[in-house]
Asks: 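To start, I am sharing the structure in question, which I have written as structure tokens.
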Amino acid sequence: MNVLVLNSGSSSQKSCLYQIQHAPQGDPPECIWQGKIDWSGKAPEVSIRSARGDSSAGAARNTGRGSVVERMLQSLWSGKTKAVSGPSEIDVVGHRVVHGGPRFFEPVLLTSAVRTAIKKVSVFAPLHNRAELEGMAIASKLLGAVPQVAVFDTGFHHDMPASASTYPGPYDWLKEGIRRYGFHGINHQYCSERTAQLLRRNPNRLRIVTCHLGNGCSLAAIKNGRSMDTTMGFTPLEGLMMGTRPGSVDPGILTYLMRHKKLSGGQIDEILNQKSGLLGISGISGDMRDILAAVKKRNARAKLAFDIYIHRLRLGIGSMIAVLGGIDALVFTAGVGENSPKVRSSVCENLLFAGIKLDQKKNRKIPQDQNISDRSASVPVLVIHAEEDWMIARQCWRLLQEKSRPIS
Ligand code: ADP
């Protein structure tokens with residue numbers, strides 16, 4: 001089965017082609033074609049790589065988002081990075097959809113009714129869901145009636161206990177869909193399954209705290225494969241400090257800004273999504289690499305930004321351990337989690353009470369899917385490479401297998 005995964009974000013569009021021959025298990029495979037568009041610069045930067053090692057990279061003519069994505073996908077069957085002989089060889093397209101709202105949590109086959117319903121829940125995550133709907137339209141245009149599957153980043157957290165998913169506001173909020181949904185669920189779920197696999201432990205007897213630290217950051221408390229709590233909530237703004245988002249702040253600040261500074265909803269949205277977090281405090285950047293470089297040069301605001309980031313991370317991990325009643329494994333994943341020994345060691349410094357201690361030598365290397373805890377520690381600390389696309393491909397495979405199974 002050739003599974004094309006489209007992972008559309010507000011600042012990048014990642015795509016991967018997987019070839020799945022039998023029930024997926026074990027190590028995640030390499031994808032046979034990979035494309036990425038980075039929208040953050042003046043012109044979109046497109047890079048494409050095939051499994052044979054052919055690649056192309058460079059700025060694309062900015063002829064509109066849709067047409068840049070179309071040209072990238074066409075390189076699946078034309079030019080030097082060609083991986084299949086034509087669009088008809090794609091069996092299914094999987095889409096990461098950030099917000100499923102109250103209605104969607106399980107992966108679902110797209111029909112026009114489902115697309116309309118996803119459009120409706122776009123009010124919850126306007127930037128993301130718009131890009132995803134566009135990706136679905138492009139796939140239909142290029143690939144015709146190929147089955148398409150939506151996999152929701154909120155899905156894994158759907159079964160959190162009501163005490164974790166309900167805001168203690170008016171009860172009516174629940175009826176309006178104002179509740180804690182949680183995000184990064186595709187990767188939190190992947191990491192919990194991968195942890196059980198790497199530790200050779202029964203996934204139904206594990207309490208794991210997963211730290212997804214990328215541009216967006218969230219934690220999940222996972223017990224026996226089920227999400228018990230997570231730091232993001234109604235939107236991906238709640239919880240930890242992030243690159244350009246503050247994480248949780250006193251909601252009184254927002255009403256103060258509205259009342260006394262006369263800021264509009266749009267202006268507050270911009271502050272919370274683009275002008276806060278590491279960037280807001282340091283005034284330098286939302287990228288942890290730039291913050292660490294500035295800390296080395298003794299920049300005081302960068303140091304404060306780093307210290308808040310670590311403080312809030314420790315607070316969050318402590319809370320998650322309390323929710324789980326203990327911890328059997330701690331996991332670091334995504335850009336910062338996988339690549340920053342300094343972040344990992346600073347966070348773990350205070351977690352000795354929970355049986356967590358790093359082997360500093362292992363931590364300093366760029367470990368991938370490895371245990372970096374000290375021999376004397378009772379709790380393994382794993383660094384796991386985020387594999388959202390592979391998780392989506394697996395869900396597509398599973399869904400199509402179920403659909404094709406004869407009803408007995
Ligand atoms: P996204 O959340 O957009 O999927 P990623 O998971 O790829 O992003 O994480 C991107 C972030 O990872 C960057 O903004 C940067 O802060 C961080 N990062 C990447 N490499 C390193 C590194 N070597 N050290 C510290 N942080 C890093």
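Both counts, for ligands and for their atoms, begin at 1 and track the order of listing.
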Asks: Assess whether a salt bridge exists between Arg65 and Glu134, defined as any Lys/Arg side-chain N lying under 4.0 Å from an Asp/Glu carboxylate O.
Replies: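 Yes, this pair counts.
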
Asks: Taking Arg194 first and then Glu387, would you say they form a salt bridge - that is, a charged N and a carboxylate O separated by under 4.0 Å?
Replies: no

Asks: Does the gap between the ring centers of His99 and Tyr181 come in under 6.0 Å?
Replies: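 Between His99 and Tyr181, the centre distance is under 6.0 Å.
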
Asks: Kindly tell me which protein residues have any non-hydrogen atom under 4.0 angstrom away from an atom of ligand 1, grouped by chain and ordered by number?
Replies: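 The answer is Lys14, Gly214, Asn215, Gly216, Asp287, Met288, Arg289, Ala334, Gly335, Val336, Asn339, Ser340, counting any residue whose heavy atom sits under 4.0 Å from ligand 1.
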
Asks: Are the charged groups of Glu45 and Lys36 less than 4.0 angstrom apart, N to O?
Replies: no

Asks: Scan side-chain atoms only and decide if His188 and Thr333 contain a donor-acceptor pair under the 3.5 Å cut-off.
Replies: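 Looking only at side-chain atoms, Thr333 and His188 do not form any donor-acceptor pair under 3.5 Å.
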
Asks: Please tabulate, for the side chains in residues 66-73, all donor-acceptor contacts under 3.5 angstrom to protein atoms that are two or more places apart in sequence or on a different chain.
Replies:
{"from": "Ser67", "atom 1": "OG", "to": "Thr63", "atom 2": "O", "distance (Å)": "3.1"}
{"from": "Ser67", "atom 1": "OG", "to": "Thr63", "atom 2": "OG1", "distance (Å)": "2.7"}
{"from": "Ser67", "atom 1": "OG", "to": "Gly64", "atom 2": "O", "distance (Å)": "3.4"}
{"from": "Glu70", "atom 1": "OE1", "to": "Lys141", "atom 2": "NZ", "distance (Å)": "3.3"}
{"from": "Glu70", "atom 1": "OE2", "to": "Lys141", "atom 2": "NZ", "distance (Å)": "2.8"}
{"from": "Arg71", "atom 1": "NH1", "to": "Thr63", "atom 2": "OG1", "distance (Å)": "3.1"}
{"from": "Arg71", "atom 1": "NH2", "to": "Arg61", "atom 2": "O", "distance (Å)": "3.3"}

